[in-house]
Amino acid sequence: MVEPAALFSLAGTLALLGWVALLVALFFRRARPGVWTVTQYVIPGLIAVAYGLLWWGGRGAYADGGFGSIPEVRAWFANDFLLTAGWLHYLAFDLFIGTWICRDAEARGVHPLLVLPTLPLTFLFGPLGLLLWFAVRAGVRGIARTE
């Protein structure tokens, strides 16, 4: 069985490379299709496999944990396998959402400079980056209507 620390490090490196590629692809249209495939499907898919392995490795903590209360969640996250699985959950989903933001922006004709601040915020604070994207998207739609 792979140790949680090794999967933590590997997944973090993969996710970071994905985010860097996503930022670069904002300004290089030709790179977008390939980068988006990797950042929306390949990297999150690989992280999902590691996530499954970690849940399997942490199955000894199942009796004490659950989703019904903070103490139950805390019991799960006291297990390094499940704590790391929780972190990988964030890495996979945030990168997927970051790619969706980029795809949505291109489909709506939003300039990359308006998308740029949403990506680091999504990487670091997930839902806040998504919220900023919704605000940018609504603002751009409002500007387009007034012209």
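As the structure is a prediction and not an experimental result, all values here were calculated from the model. Excluded from the calculations below are hydrogen atoms, water molecules and symmetry mates; all remaining heavy atoms, backbone and side chain alike, are included.
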Would you indicate whether the side-chain heavy atoms of [Y] and [X] approach each other to under 4.5 Å?
X: F81; Y: W55; result: no
X: L54; Y: P4; result: yes
X: T39; Y: W19; result: no
X: F67; Y: W76; result: yes
X: R103; Y: R32; result: no
X: Y51; Y: L7; result: no
X: F27; Y: L113; result: yes
X: L95; Y: L91; result: no

Residues W133 and D104: side-chain donor-acceptor under 3.5 angstrom: yes
Contact summary for A11 and L88, nearest pair of heavy atoms: CB-CG, 3.7 Å
Plane angle bin for F93 and H89 - parallel if under 30°, tilted between 30 and 60°, otherwise perpendicular: parallel
Parallel, tilted or perpendicular: ring planes of W100 versus F134, cut at 30 and 60 degrees: perpendicular
Gap separating the [atom1] atom of [X] from the [atom2] atom of [Y], nearest 0.5 angstrom:
X: R74; Y: L83; atom1: CZ; atom2: CG; result: 13.0 Å
X: L17; Y: I43; atom1: CG; atom2: CD1; result: 7.0 Å
X: I97; Y: Q40; atom1: CD1; atom2: CD; result: 8.0 Å
X: L121; Y: L130; atom1: CG; atom2: CG; result: 10.0 Å
X: L23; Y: C102; atom1: CG; atom2: SG; result: 7.5 Å
X: L10; Y: I47; atom1: CG; atom2: CD1; result: 8.5 Å

Test item: R137 side-chain N/O and A105 main-chain N/O as donor-acceptor pair under 3.5 Å: no
Set of side-chain contact (heavy atoms from CB on, under 4.5 Å) partners for L131, sequence neighbours left out: none
Residue of the set D94, V35, L22 for which side chain to side chain contact (heavy atoms under 4.5 Å, CB included) holds with T99: L22
